[in-house]
Amino acid sequence: MDAKEIADQITALKKKKNAIIMAHYYVADEIQDIADFVGDSFFLAKKATETDADIIVLCGVRFMGESAKVLNPDKKVLIPEMAADCPMAHMATTDGIDEMRSRYDDLAVVCYVNSTADLKAASDVCVTSANALKIVSRLPQKNIYFIPDQNLAHYIADQLPDKNFIFNDGFCHVHNSIRLDVLKKTKAMKPDAPVLVHPECRPEVVAEADYVGSTSGIIKYASESDAKEFIVATELGVMHELQKRNPDKKFYPAGPMQICPNMKKLTMEKLLHVLQFEDSEITLPDDLMRDAKAPMEEMLRLAQ
Ligand code: 13P
Ligand code: SF4
């Protein structure tokens with residue numbers, strides 16, 4: 001089957017089964033093009049609560065499918081590749097959370113959505129990179145145990161000096177691989193280009209940014225800016241939407257290795273397969289879904 005036949009079959013099956021395709025900006029260009037909605041993690045979680053489709057096909061890594069399922073327990077949630085898992089989602093433990101709860105009375109456990117359903121279920125509130133600052137600033141607790149991403153935690157902590165942050169040592173290997181020395185070399189070659197940085201990057205890289213934000217935030221900033229070229233410090237899947245919205249602007253990667261191998265496990269063939277056979281379904285125990293739903297809903301409430 002050629003690419004057009006695959007795309008046509010996906011579109012036909014989607015209609016027939018009343019399915020909706022949602023994609024993150026880091027998946028392959030052709031998947032972004034065929035999706036009904038493309039967005040950052042917050043947008044995808046929110047959109048999942050607004051659809052009346054019978055099936056949600058979440059084109060992203062597993063935690064994104066789990067988030068959609070937790071928010072929509074009665075819907076069928078499929079992901080094209082079950083093995084597309086984010087390593088950072090596992091970089092904290094429920095034992096670690098219990099330990100912090102025993103140490104601090106006045107504690108909020110804040111869980112980045114890039115985490116397993118188990119971790120979400122043990123937390124007080126979830127956040128994404130698009131809403132973490134707003135949500136943590138609205139929490140009454142002084143002590144904040146922020147899991148799993150230490151870089152996002154430091155970015156938020158620096159802006160909220162009245163909070164006492166307890167850091168966890170998780171990180172995204174893709175964003176963490178963007179090194180300051182390499183970024184400085186890129187900057188030296190493109191001195192007029194604003195630097196757009198995702199907060200999963202290291203603090204010293206964030207410190208060089210003209211703009212820090214989620215994937216959607218980066219795309220919006222670049223699209224509204226008068227600048228003609230930009231240095232981009234996030235996964236390179238965003239280049240597709242950046243270029244689509246801004247055909248006259250130029251975008252340069254900050255470093256050489258900004259590819260998420262898990263996001264890139266998704267293909268059009270796998271998307272077609274999962275729509276045909278519905279065999280890669282996210283299922284979670286009922287009690288886990290119930291416990292993970294509360295902090296996800298708290299995020300949606302506090303983000304308003
Ligand atoms: P956002 O789209 O929320 O910025 O997420 C970045 C990310 O790493 C998702 O895996
Ligand atoms: Fe996980 Fe990083 Fe890949 Fe996002 S880019 S899915 S945080 S490894």
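Both ligands and their constituent atoms are indexed starting at 1 by order of listing. Nothing fancy with the numbering, it's 1 onward along the sequence. Please read these numbers as outputs of a predicted model, since none were measured by experiment.
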Checklist entry - For the residue pair His273 and Phe277, does the interplanar ring angle fall in the parallel (under 30°), tilted (30 to 60°) or perpendicular (over 60°) class? => result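 The arrangement is tilted - the two ring planes meet at 30° to 60°.
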Is it true that [Y] and [X] share a donor-acceptor pair across their side chains at a distance under 3.5 Å?
X: Thr215; Y: Asp40; value: no
X: Asp106; Y: Asn143; value: no
X: Ser223; Y: Asn246; value: yes
X: Tyr112; Y: Glu200; value: yes
X: His175; Y: Asp149; value: no
X: Tyr252; Y: Glu229; value: yes

Is the backbone of [Y] close enough, under 3.5 Å, to the side chain of [X] for a donor and an acceptor to pair up by distance?
X: Gln141; Y: Lys163; value: no
X: Lys190; Y: Phe230; value: no
X: Gln243; Y: Lys249; value: yes

Item to check | Verdict with reasoning, Glu298 to Ile135, per side chain to side chain contact (heavy atoms under 4.5 Å, CB included) | outcome: CA-CA 9 Å; Glu298 186 63 352; Ile135 288 178; over 6 Å; no
Item to check | Polar protein atoms (N, O or S) that approach atom 2 (Fe) of ligand 2 to under 2.8 Å | outcome: Cys172 SG
Quick one: which ligand 1 atoms are inside 4.0 Å of a heavy atom on [X]?
X: Ser214; answer: 4 (O)
X: Asp40; answer: 1 (P), 2 (O), 3 (O)
X: Met263; answer: 10 (O)

Tell me the protein heavy atom at minimum distance from [atom], and give that distance in Å.
atom: atom 5 (O) of ligand 1; answer: Ser41 OG, 3.3 Å
atom: atom 8 (O) of ligand 1; answer: Glu200 OE2, 3.0 Å
atom: atom 4 (O) of ligand 1; answer: His198 NE2, 2.7 Å

Sub-4.0 Å heavy-atom contact, [X] with ligand 1:
X: Ser129; result: yes
X: Tyr26; result: yes
X: Glu235; result: no
X: His24; result: yes

Relative to ligand 1, is [X] under 4.0 angstrom through side chain, backbone, both or neither, heavy atoms considered?
X: Met64; answer: side chain
X: Thr128; answer: neither
X: Asn114; answer: side chain
X: Tyr25; answer: neither

Next on the checklist: For Tyr26 and Thr234: C-alpha separation, side-chain torsions, deciding distance, then whether side-chain hydrogen bond (donor to acceptor under 3.5 Å, both in side chains) applies.
Outcome noted: CA-CA 9 Å; Tyr26 294 164; Thr234 189; 2.7 Å; yes
Checklist outcome for this item: The complete set of side chain to side chain donor-acceptor pair (under 3.5 Å) pairs with one or both residues in residues 178-187, sequence neighbours excluded, reads Lys187-Glu208
